Structure formats: C-alpha cells, structure tokens
J.: 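Below are the structure tokens for one structure; questions will follow.
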There are 2 protein chains.
Amino acid sequence: MSLKDTSENANCRAMSDVLNRIGDKWSVMVVGMLSGGTLRFNELKRQINGVSQRMLTLTLRNLERDGLVTRTIYPEIPPRVEYGLTDLGKTLGEPINALWDWSAANHEAIIAARLAYDARHKETEAPPARKYAGAA
Amino acid sequence: MSLKDTSENANCRAMSDVLNRIGDKWSVMVVGMLSGGTLRFNELKRQINGVSQRMLTLTLRNLERDGLVTRTIYPEIPPRVEYGLTDLGKTLGEPINALWDWSAANHEAIIAARLAYDARHKETEAPPARKYAGAA
DNA sequence: CTGTATCCTGTGAGATACTG
DNA sequence: CAGTATCTCACAGGATACAG
C-alpha cells in the first residue's frame, strides 16, 4: 500500500495512530532501551536521560496498552516491576531502527540544509520586532 | 548503531531531531503525497484531508528548510508554486514506508491490545475520567 | 521502589482575516 | 492562488508532593 492514500482513511488513520506512538520520543527511547532486555522502572528512568517520572509512567502505560510492552509486577517489598518488549514490540523495533539509521546517516545533511536555508533567507527576511509599516 | 545509546547524545539528538519531523503527521502526509510527484499548494491542501492552510504552510516550510522538499515559484498571475521531494526527501520515503507498512500490518493487533487492556482494567480499576483535566 | 494526583507553563494547531 | 498574521483553546509535559 503506497503512501498516497489520504482519501483512503483506513490506512491513513492506522498510520496516524502509530505515528502518535512513534513520534513520541520517549516511546522510541523506551522501545530502544527494552530491546536490550527487560528493565525495571528506575533503571529505565536512569538510562533514559531527561525523562520525568510522570512521562515515563504514561509512556509505559501507553506502550503496554498498545501491546508493545509487558509489565510484570513482583509483589515484594520493596516493590519491583519489570518491563520488556512483547513480540509485537520487537517487530516495531525494526522499522524504528531503519529510521534511526536514516537519522544517523542524514542528520548532518539536514543540519546543513537548515543552515543553507537560514542563510538564504536572512537576506530576504526582516527583523522580528517589526509590526506596522507606519512610518519607518 | 543500536538503539541503546541514550548516553551517546549525538545519535540521540539526531533521532529526536528527525523524530520531530517524522512524528508530525502532516509532514508524513506531505512526503507521502509528494512521493507521487510534484504538487501545487492547493492540490496538497485538497488531498491531505483536514490540514489547515496554516499547518500546511508551516509543514512545507520546515520540510523545505530541512532539505526534504523543493519549492518552485512560477511568477505568474495567478501565482503558482510547486512542491516536490528532494533526493534526501525520497530516501526518507523508504523508512517511512517501512513504518507505514508496519502500521498497516499491525494496527489491528494494536486495536485489539487496547481493547483487551481496557477490558482488563475495567474490572480491576474503575476510574471513568482518567485524565486529570477532566472534572476540574 | 513504583507509582498517582495536582499545578503550571509552553507550545501545537484550528479558525479567521488580510495581502500580493 | 499562495501565503502571512493574530487570536484562542486545548493539551503535552515538567516539577512537585503524596501514597501503597
């Protein structure tokens, strides 16, 4: 199925749906982390630099709900919870990896393109504090 | 390069950066549309169902800035502007397609997982308004 | 340790109106 | 037709405090 099918809402919605998960950087991080094996909550939190407890919890819940991540509670004291990828989660790892590779391969090109673009438009574009053209 | 490298900030940032573009559904749509050939502004607007003029403009600007999309102005009356993919944009199409395929293939599984999850948690837990912004 | 509830802020994004 | 500017609202997400 090609990308051209916006009118075909079924696929379009599927993609949007998945994109909402993929596009979330924390989800991607979590899937990446867990691809190396199961981890506990705080292990994840430590390894994923910059994630807040709240976001990690929400991310994990969403991933779990979508059937991508498993959550195993060990009713001990202190409590222990381990997260891992489901089979579905593992298959998702592949397209994500493709994207990761693409990013690594082309990030520089993008940066360069941005610089070029900005340079190109610095001449054309006017300063930010310009409201009306009243007097000047 | 594996996904495991959050500590390795270079790749991590590259990924985040790219993800910010990929994660945006309009960007994905535009790239998808343009993969079939160049289109004019309003052609895009019509074909991408639900996009506002504003968002389409912003999306196109970002894609152009990132070197993924070309913008060609024909100084006619009425004005005509055509958008197309750059080579870089085309290469991006491939991982995106992989994701698209994954979505198509696994969307049902995800839907099912969600239903299962919701059912599983309706018994255990019974909070109707799960979002904090709900009742206020 | 593993979460949930709350507050607060910035930003994303639609609607609308105007310009060239 | 193509695009910019502005207003507005909702929501994502960080910080924090509390609970099991």
Side-chain angles (χ1 to χ4, degrees), chain A residues 16 19-30 38-65 69-84 121 124-134, chain B residues 16 19-30 38-65 69-84 121 124-136:
Chain A
S16 289
L19 236 31
N20 278 328
R21 191 98 311 126
I22 306 304
D24 174 19
K25 73 171 174 176
W26 298 133
S27 294
V28 175
M29 290 298 167
V30 168
T38 68
L39 289 172
R40 301 178 56 174
F41 186 86
N42 271 3
E43 287 175 332
L44 274 171
K45 187 165 183 318
R46 259 191 304 276
Q47 290 188 36
I48 301 178
N49 205 313
V51 69
S52 65
Q53 193 168 38
R54 175 182 139 86
M55 286 322 292
L56 183 54
T57 303
L58 289 179
T59 300
L60 286 167
R61 283 293 172 288
N62 281 329
L63 289 172
E64 189 200 356
R65 191 169 99 103
V69 156
T70 61
R71 179 167 179 263
T72 314
I73 308 173
Y74 297 87
E76 310 168 350
I77 303 283
R80 188 166 114 242
V81 181
E82 289 197 340
Y83 294 92
H121 287 249
T124 312
E125 206 174 329
R130 189 169 172 79
K131 302 173 187 173
Y132 280 119
Chain B
S16 290
L19 236 32
N20 279 329
R21 190 97 311 126
I22 306 305
D24 175 18
K25 73 171 173 176
W26 298 132
S27 294
V28 174
M29 290 299 167
V30 168
T38 68
L39 288 173
R40 301 178 56 174
F41 186 85
N42 272 2
E43 288 175 332
L44 274 170
K45 187 166 182 319
R46 261 190 304 277
Q47 290 188 34
I48 301 179
N49 205 313
V51 69
S52 65
Q53 192 169 38
R54 176 184 138 87
M55 287 321 293
L56 183 54
T57 302
L58 289 178
T59 300
L60 286 168
R61 284 292 173 288
N62 282 329
L63 289 172
E64 189 200 357
R65 192 170 99 103
V69 156
T70 61
R71 178 166 178 265
T72 313
I73 308 173
Y74 298 87
E76 310 166 351
I77 302 282
R80 188 166 114 242
V81 181
E82 290 197 340
Y83 294 92
H121 287 249
T124 313
E125 208 175 333
R130 293 188 60 82
K131 289 196 133 192
Y132 65 83

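Predicted, not measured: the structure shown is a model, and the values here were computed from it. Below, chains carry the letters A, B, ... as their sequence lines are ordered, and counting in each starts from 1.
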J.: Does any part of the side chain of I73(B), heavy atoms only, come nearer than 4.5 Å to the side chain of P79(B), both counted from C-beta?
T.: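 Of all side-chain heavy-atom pairs linking I73(B) with P79(B), none is under 4.5 Å.
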
J.: dT2(C) C1' sits how many Å from E82(A) CD, rounded?
T.: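 It works out to 13 Å between those atoms.
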
J.: Which nucleotide in the set dG3(C), dA2(D), dC1(C) lies at the smallest distance from any side-chain heavy atom of R71(A)?
T.: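 Looking only at side-chain atoms, R71(A) lies closest to dG3(C).
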
J.: Is the closest side-chain heavy-atom distance between L58(B) and W26(B) below 4.5 Å?
T.: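 Not touching, per the 4.5 Å side-chain cut-off.
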
J.: L56(A) CG to dC1(C) C1': how many Å, rounded?
T.: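 Interatomic distance, CG of L56(A) to C1' of dC1(C): 13 Å.
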
J.: Measure from CZ on R46(B) to C1' on dC1(D) and round the result to the nearest Å.
T.: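 Answer to the nearest Å: 10 Å.
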
J.: Is the shortest heavy-atom distance from the side chain of V30(B) to the side chain of V51(B) under 4.5 Å?
T.: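 Side-chain contact under 4.5 Å: no.
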
J.: Would you mind reading off the distance between L58(B) atom CG and dG12(C) atom P, rounded to a whole angstrom?
T.: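 These atoms are roughly 10 Å apart.
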
J.: I want to verify a distance call: between dG3(C), dC1(C), dT4(D), whose nearest atom is closest to the F41(A) side chain?
T.: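 Out of dG3(C), dC1(C), dT4(D), the nucleotide with an atom closest to F41(A)'s side chain is dG3(C).
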
J.: Between P on dG3(C) and CG on N42(A), what's the gap in Å once rounded to a whole number?
T.: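 Interatomic distance, CG of N42(A) to P of dG3(C): 9 Å.
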
J.: How close or far is atom C1' of dA2(D) from atom NZ of K45(B), stated in whole angstroms?
T.: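 Rounded to whole Å, this separation is 11 Å.
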
J.: Quick one: pull up CG in L19(A) and CG in D24(A) and give me the separation to the nearest 0.5 Å.
T.: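 Spacing of CG (L19(A)) from CG (D24(A)) equals 11.5 Å.
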
J.: Please produce a list of atom pairs where a protein N or O lies less than 3.5 Å from an N or O of nucleotides 13-16 of chain C.
T.:
residue: dA13(C); atom: N7; partner: R54(B); partner atom: NH2; Å: 2.7
residue: dG14(C); atom: OP2; partner: S52(B); partner atom: OG; Å: 3.1

J.: I need the CZ-C1' distance between R61(A) and dG13(D), as an integer number of Å.
T.: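 Atom-to-atom, R61(A) to dG13(D), this comes out as 17 Å.
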
J.: Less than 4.5 Å apart, any side-chain heavy atom of N62(B) and any of R21(B)?
T.: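 They are in contact (side-chain heavy atoms under 4.5 Å apart), so the answer is yes.
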
J.: Choosing from dC1(D), dG3(C), dC1(C), which nucleotide comes nearest the side chain of P78(A)?
T.: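 The answer is dC1(C), which lies nearest to the side chain.
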
J.: Within the structure, does a side-chain N or O atom of Y83(B) lie under 4.0 Å from either OP1 or OP2 of dC1(D)?
T.: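 No, outside the criterion.
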
J.: Are E43(A) and E82(A) packed together at the side-chain level, in the sense that at least one heavy-atom pair is separated by less than 4.5 angstrom?
T.: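 Not touching, per the 4.5 Å side-chain cut-off.
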
J.: Would you mind reading off the distance between N62(B) atom CG and dG3(D) atom C1', rounded to a whole angstrom?
T.: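 To the nearest whole Å, that distance equals 15 Å.
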
J.: Indicate the atoms forming the closest heavy-atom contact of Q47(A) with L39(A), along with that distance.
T.: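 Smallest heavy-atom distance, with atoms named: NE2-CD2, 3.9 Å.
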
